[in-house]
Every structure is written in structure tokens, then in C-alpha cells.
Amino acid sequence: MDKLYPCPFIHPGPRKFYNPLTDKTLTANHPAYGYLKQILFKRQLQGIPFSVKQYLLCNGWLVEKQRFDSFYLKYVSIETHTVCNQACFFCPVSIHPREKYFMPLNFFEKIASQLSRYSHTIETVFLNNYNEPTIDPNFTKQIEILNNLSLKVTLLTNASALTPEKSEQIIDVGGLLHLSVNLSTIDRDEYKKERGKDHLKQVLNNLAYIKNRRIANTMRIIVLGLGDRKHLETLEKIDNFFRNSLFEVRPFLIDDRAGVIKNSARKQKKNGLLRGCDHIGSRPVQHLHIDPYGRCILCCQDYFGKEIVGNLHEQSIEEVLQGAKISELRKIIYGFKEPPKNFICTGCSFAITS
């Protein structure tokens, strides 16, 4: 048992360790915590009781061989089309718009069927990335397909096309796990300036209809901004506007999307060795991002799709997530191999570095 190694994906944190491969946390008050800390930082297995080694091995903290073709599928993003009806200053679409393309419904059904095999680990399926999902003509059908397969849906939207009729259709097909509406202002002139479209009136009308309708288990208004005084003042205004409704109002900092957006609050780090990813879990271990063409992309921050890890027209989901490409990227992201020049994770604000 002395020939054991720490799991290569362990995330160190303040008085705890997290393993994205098992989705388990080991806190400082656990008897094995100090021993795992010794193993990770001193690379020392000697003197550790047999029972502790056995516990750490059985729970995935130690492994007999460090492998990089393993995964724990927890979050899925399916971008069903390339269209957005706005051009927000905080989104790459405003700088680099894309050609119109919609994923065929039969291909979506094929993907959903494969995902159902992982329904016991998948927490949610996001129906968007850089598009506005509600303008897809198959949008409510897509939700119905996922719900029927016990795959819970999260919708991130600007709500401009989330009409009362569409909201009722969503409720009729089983509703959502999470609804998150991005809203950066309730001033009409500012809205037009920030998003390139005069949609505020219809957005507020759409939200007024569902503000006391349980369309999702959790319903949030995300107030985007730079964390400055203006952001805080806008947050207070929107919070007051949606008081006594089902909506929680929360702030959210605009990030630079791996360097694409210049006016942002979360910016790229400029140094440090890569030691993992901590962007809603671990992107290379726990996430699957699918674009409208069926390509699987390493991360949602990769707007231009530079790091393609597979293609669902040619491979199964399992083949993609156990494939040579993503396994190699896991080695790079977790510091077992030098990253290439201009690698997307190098400097990312969500990267774990040392």
C-alpha cells in the first residue's frame, strides 16, 4: 500500500480539500485531514496509519495510479444555436458576432439520450452559452426532453423573449431547476446603450408576469457590473424593484472572458503555475460544453472554440471525456505538464495557481 499517490485533481482550500473526481470534501476537523495535507505538501506517506491510508484510498483521495482519463460529469452546457438578440458590452458577441446556426432537434435528442446515462451525477444542464436560448423555436421542447430524462435544466437569459406564453409552456413541461436573468440596469437609455437593443420594457413585462409564478426552484435576477459605486446603486434599485417577488437579486462581477472583454471586474492573472480549475467546480473534470455543431469545447470562457476536445457527431460522450485530447489538457491544467504558449487557462481568473 506504500505505492500510492494523491489524486491528481485535489483542490486545496482554507481548511479543506475538495476532490472534483469524487465530488467529496475533506474538512480540517476530519481525522484524516492532517495526514492528507502531509501527503500533498510533503509527499510523505511514511508514518501514516494503515487505517488512514485505507480510508483515503477507498474515498478517492489516494490512488494506485494517477490517471487523467477519468471524469465526474456534474455540469453540462448545450448551446443549441449561435444567435443572440442583443449585443451586450460584457459579452464577446458584441465584438465578434457569429453566423446563424441552429442545432437540429433530432441531434439534440441524441445528445440528451446519452446524457441520461449520467443523470445520477449531473446536477444541471445549461441551455445556453453565448446565445439567447429562448429564441430557439424548439426551446420548450428541449426542456421537455431533458425533464423527461430526469435531467434538470438551468436557464440563463436576458428575458427579452421569455414571454408569458413561453413561461407557461415551460411550467407545463416540468419547469426549471434554476432561472437566472441577467439585468444590468432598469434605466431605459442605459439599457439601450449597454445592450444595443431597446428591450427593457418587454423584459420588465415578461418578468412581471412570472415574478410570483414558480417557473423554477430558484429564480434570480443577476445584476451585472464592475463592483463599483454605480454597480452597488443599480443593485439597490433593482432589488427594490423586485421586492416582494419570488426573485432573489444578486450582484455579479463581469469577467474578461479569458481576455476578450477589456472593461471587466474579474481580470486575467498574470503569473503562477497552473494547479487546477475552480470555475463552478473543475471545468476539465466535471463539465461538458457542447456547441451547436456538436463540438465539445474545454471551457465556456473559450468563445472562439480554440480548445476542441471532441465531436459528438463522431464520438460518444464517454469517448470525448475519456479521450486523449482532454486527458492531455487535464495534465496541463493540473500542473503535470507545461502549458503551450497563450494557453487559455494560463492567466484565467478562475485558474488555481501557485
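Residues take their numbers from the sequence shown, with the count starting at 1.
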Any donor-acceptor N/O pair, Gln86 side chain to Arg195 backbone, under 3.5 Å: no
Glu190 atom CD, neighbour heavy-atom count above 12 within 6.0 Å: yes
Between Thr134 and Glu132: side-chain donor-acceptor atoms closer than 3.5 Å: yes
Min side-chain heavy-atom separation His231-Ser184 under 4.5 Å: no
Check against side-chain contact (heavy atoms from CB on, under 4.5 Å), Phe102 and Asn138: CA-CA 10 Å; Phe102 287 80; Asn138 294 318; over 6 Å; no
Shortest non-hydrogen separation from Cys277 to His11 and the atoms involved: O-CE1, 2.7 Å
Greater than 12 external heavy atoms within 6.0 Å of Asn106's CG: yes
Minimal non-hydrogen separation, Ile210 against Met219, with atom names: O-CE, 3.2 Å
Side chain Glu168, main chain Pro164, donor-acceptor under 3.5 Å: no
Interatomic distance, Asn205 atom CG to Leu162 atom CG [nearest 0.5 angstrom]: 12.0 Å
Criterion side-chain contact (heavy atoms from CB on, under 4.5 Å) on Gln301 and Asp255, from CA distance to verdict: CA-CA 10 Å; Gln301 301 290 88; Asp255 73 76; 3.1 Å; yes
Same apolar cluster (I L V M F W Y, side chains within < 4.5 Å links), Ile39/Leu4: yes
Lys141 with Glu144: basic N within carboxylate O range, under 4.0 Å: yes
Leu149 side chain reached by Leu115 side chain, heavy atoms, under 4.5 Å: no
Test item: Glu64 and Leu57 side chains (from C-beta on) under 4.5 Å apart, heavy atoms: yes
Check: Thr82 side chain, Glu99 main-chain N or O, donor-acceptor pair, under 3.5 Å: yes
Salt-bridge present (Arg283, Glu307; N to O < 4.0 Å): no
ILVMFWY network linking Val93 to Phe304, side-chain heavy atoms under 4.5 angstrom: yes
For His313 against Tyr293, the heavy-atom pair lying closest together: CD2-O, 3.0 Å
Minimum side-chain heavy-atom gap Ile135-Phe139 below 4.5 Å: no
Verdict with supporting geometry, Arg295 and Asp291, salt bridge (charged side-chain N to carboxylate O under 4.0 Å, His left out): CA-CA 5 Å; Arg295 298 175 301 187; Asp291 78 3; 2.7 Å; yes
Least distance between heavy atoms, Val153 atom then Thr124 atom: C-OG1, 3.6 Å
Crowding at NZ, Lys152 (>12 non-hydrogen neighbours, <6.0 Å): no
Flag side-chain contact, heavy atom, 4.5 Å: Met103 against Ile78: yes
Heavy-atom pair with the smallest gap, counting every atom of Ser160 and Asn85: OG-ND2, 2.7 Å
Side chain Asp278, main chain Ile352, donor-acceptor under 3.5 Å: no
Under 3.5 Å: donor-acceptor pair, side chain of Asp239, backbone of Val249: no
Whether Asn128 side chain and Pro133 backbone form a donor-acceptor pair below 3.5 Å: no
Atom OH of Tyr191: over 12 foreign heavy atoms under 6.0 Å: yes
Check: Phe50 main-chain N/O paired with Gln54 side-chain donor or acceptor under 3.5 Å: no
side-chain contact (heavy atoms from CB on, under 4.5 Å) between Ile344 and Lys306, worked out: CA-CA 8 Å; Ile344 188 169; Lys306 294 179 180 179; over 6 Å; no
Glu233 CD: over 12 foreign heavy atoms closer than 6.0 Å: yes
Side chain to side chain contact (heavy atoms under 4.5 Å, CB included) partners for Pro14, two or more places apart: none
Heavy-atom side-chain proximity of Leu312 to Phe107 below 4.5 angstrom: yes
Rounded distance (nearest 0.5 Å) linking atom CG of Leu56 with atom OH of Tyr35: 10.5 Å
Side-chain touch Tyr118/Val76, heavy atoms, less than 4.5 angstrom: no
Connected via hydrophobic side-chain network under 4.5 Å: Leu62 and Tyr18: no
Lys/Arg-Asp/Glu bridge criterion (N-O < 4.0 Å) met for Arg67, Asp69: yes
Ser116 side-chain N/O to Ser113 backbone N/O, donor-acceptor pair under 3.5 Å: yes
Pairwise distance NZ(Lys37) to CG(Leu26) - rounded to 0.5 angstrom: 12.0 Å
Ring-ring centroid check Tyr334 Phe68, cutoff 6.0 Å: no
Exam field: side chain Tyr130 to backbone Cys300, donor-acceptor pair closer than 3.5 Å: yes
Stepwise side-chain contact (heavy atoms from CB on, under 4.5 Å) check, Leu288 with Phe71: CA-CA 10 Å; Leu288 177 64; Phe71 64 93; over 6 Å; no
Any donor-acceptor N or O pair under 3.5 Å, side chains Thr27, Asn29: yes
Residue pair Thr80, Asp136: steps toward the side-chain hydrogen bond (donor to acceptor under 3.5 Å, both in side chains) verdict: CA-CA 8 Å; Thr80 63; Asp136 192 317; 2.9 Å; yes
Pairing residues for Tyr101 by the side chain to side chain donor-acceptor pair (under 3.5 Å) criterion, not counting sequence neighbours: none
Ring centroid separation Tyr55 to His30 under 6.0 Å: yes
Flag side-chain contact, heavy atom, 4.5 Å: Pro339 against Thr346: yes
Single-linkage hydrophobic cluster, 4.5 Å side-chain cutoff, Phe242 and Tyr209 together: yes
Qualifying residue for side-chain contact (heavy atoms from CB on, under 4.5 Å) with Trp61, from Leu21, Ile10, Val52: Ile10
Straight-line distance of Leu40 CG to Cys7 SG, nearest 0.5 Å: 9.5 Å
ILVMFWY cluster, Leu177 and Leu127 together (side-chain gap under 4.5 Å): no
Heavy-atom pair with the smallest gap, counting every atom of Thr185 and Glu194: CG2-OE1, 3.7 Å
Test side chain to side chain donor-acceptor pair (under 3.5 Å) applied to Thr218 - qualifying residues, sequence neighbours left out: His178
